[in-house]
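Just follow the structure's listing: the first ligand is 1, and inside any ligand the first atom is 1.
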Amino acid sequence: MFLPIAHFDLDAFFASVEQKLNPRLRGKPVMVCGVDPQGRNVNRGVVATCSYEARKFGVKSGMPVYQARRLCPQGIFTKGHFEEYHKYSSLVFDIMYKFAPCVLRTNLDEGFLDFTGCETIYPDTKSLCENIRQEVRNKVGINISIGLANSRVVARIATKLAKPDGIVAITKSGEEKILRPLAIKFIPGIGPKTEISLNNIGIKTIGDLIKNKEEVIKKLGKHGLNLYLAATGQDNIWFEDRQSVKSIGRSTTFSKNSANINFILSVLFNLCDEVFYELFEKNLVAKCLSVNVRYPTFEDKQKSKTLDHPLEKTTDFQNQAQQLLFDIWDKTMALRLIGVKASNLIEKDHSTIFIDEKAKYDRLTKAISELRKKHGRDIITSAFTIDTSSPI
Ligand code: DCP
Ligand code: CA
């Protein structure tokens, strides 16, 4: 059977790696939890993920550790090993690159394979994906689930149906039979709040959503239209090719040439802030940061830095940009323009709850981003970026 798009997702990823590394954990309910700053395992925080053995007891990702202990007192609670997860992720993706002409990595343990146009070489992508699953199991030693379909959105739903350790193919004609009876929460993009609000107006299944297209759009606007597209097997905005975004940059030409350091820094920090929030919204992180300046003579200077770690905070972003600026500007000559650019962009690692500090900061960034979407960018801003001085 030839279907062009495959979606894959490793089963209970962090927990499976822990079980692979430590044979004593195999076959047991294992919870991978956050650690405190000293690296000690702690009883507070949340469960990042748990093995399928633990899921039988009702334990879930994101659940507070104390609650998981109550549900599964015999469970094994372990801290995670990030380096190992990155290593295992690379092993799996190496296998994917070997088999597929086009691989899109969407997360550490998840991605799409696109076999469009490969009918002659791979007339049966379902058997091919069965081989891929075996190779991952034999060479990497963890289970993987795969979904196949004509679009990314349906392939992703198929993977959900395939879990754990399975493969499900949904052909065009199968879409109606298989998708329509499913609960709406199977559609990517439907969170618990949307699910409840649609359930309240009698929309419970994907079929109900399709039948009530107008009502859904009236209630949810553009989001509703995207849900309708997904429900009918058409890729929507969430499935656009993110790799097409190569860089995100902003620049400002001053109203007057300026050598006023406070003014220049406030402009730079503002530009950083804008770039940072755009990255956040697109779920991307940058591995390279550049700052450029233009002198009144129209001479341009630029400096870039490859970052050891993706920058997670807007203030880190601003500090790095300030350093780059001071490398190309002697703080005395006037400037005409200043710009900042984030490039070498990669998908953000979703495992945010793992490091408490990072999770806290991500929640803050999300809250600020939501406020700005509702009330405009100026509703909340860092004191550094307030332009109290003039160019001269
Ligand atoms: N993760 C996390 N915090 C979350 C969700 C996930 O830290 N709220 C981490 C742990 C997971 C990994 O990301 O192992 C991948 O997330 P998935 O949602 O794919 O979940 P799992 O791989 O654990 O389980 P599944 O078999 O359902 O895919
Ligand atoms: Ca997974």
Those atoms of ligand 1 less than 4.0 Å from some heavy atom in T49: 10 (C), 11 (C), 14 (O), 21 (P), 23 (O)
Does R55 make a cation-pi contact with Y52, if we ask for NZ or CZ under 6.0 Å from the ring centre and within 45° of the axis? yes
Under a 3.5 Å distance rule, please check whether T159 uses its side chain to pair with a backbone N or O of D9 as donor and acceptor. no
Between CG on residue L179 and CD1 on residue I187, distance to nearest 0.5 Å: 8.5 Å
According to the interplanar angle, ranging from 0 to 90°, do the rings of H7 and F112 count as parallel (below 30°), tilted (30 to 60°) or perpendicular (above 60°)? tilted
Is the centre of the F93 ring less than 6.0 Å from the centre of the F8 ring? yes
Using a 4.0 Å heavy-atom cut-off, say whether L108 meets ligand 1 through its side chain, its backbone, both or neither. neither
Those atoms of ligand 1 less than 4.0 Å from some heavy atom in D11: 26 (O)
Under the side chain to side chain contact (heavy atoms under 4.5 Å, CB included) test against F317, which residue among L279, L271, L307 passes? L279
Got a second to check how far T315's OG1 is from F269's CZ, nearest 0.5 Å? 10.0 Å
What distance do K185 atom NZ and K160 atom NZ have between them, rounded to the nearest 0.5 Å? 8.5 Å
Show which atoms of ligand 1 fall inside a sub-4.0 Å distance from at least one heavy-atom site of Y52. 25 (P), 26 (O), 27 (O)
For the residue pair F263 and F254, is the inter-centroid distance of their aromatic rings smaller than 6.0 Å? yes
Below 4.0 Å from any atom of ligand 1, is there a heavy atom belonging to A12? yes
Checking Y228 against E214: is there a side-chain donor and acceptor pair closer than 3.5 Å? no
Ligand-side contact atoms (ligand 1) for residue partner D9, heavy atom cut-off under 4.0 Å: 19 (O), 28 (O)
Atoms of ligand 1 less than 4.0 Å from D109 heavy atoms? 15 (C), 19 (O), 22 (O)
With heavy atoms of L10 as the reference, note each atom of ligand 1 found under 4.0 Å away. 22 (O), 26 (O), 28 (O)
Kindly confirm or rule out an N or O of K163 lying under 3.5 angstrom from an N or O of ligand 1. yes
Where on E110 is there a heavy atom closer than 4.0 Å to ligand 1, on the side chain, on the backbone, on both, or on neither? neither
Hey, what's the ring geometry for H86 with F82, parallel, tilted or perpendicular (30° and 60° as the breaks)? tilted
Could you tell me if any non-hydrogen atom of R55 lies under 4.0 Å from any atom of ligand 1? yes
Measure the spacing between NZ of K303 and CG of L289 and express it to the nearest 0.5 Å. 12.0 Å
Within 4.0 Å of some non-hydrogen atom of F13, the atoms of ligand 1 are 14 (O), 21 (P), 22 (O), 23 (O)
Can you confirm whether the side chains of S369 and E281 place a donor and an acceptor under 3.5 Å from each other? yes
Y85: heavy atom below 4.0 Å from ligand 1, yes or no? no
May I ask you to check if ligand 1 and F14 share an N or O to N or O distance below 3.5 Å? yes
Heteroatom proximity flag, S61 to ligand 1, N/O under 3.5 Å: no
Can you tell which part of K60 has a heavy atom less than 4.0 Å from ligand 1: side chain, backbone, both or neither? neither
Please report the number of protein N, O or S atoms that lie less than 3.0 Å from the Ca ion (ligand 2). 3
Starting at CZ of R133, measure out to CG of N143 and round the result to the nearest 0.5 Å. 7.5 Å
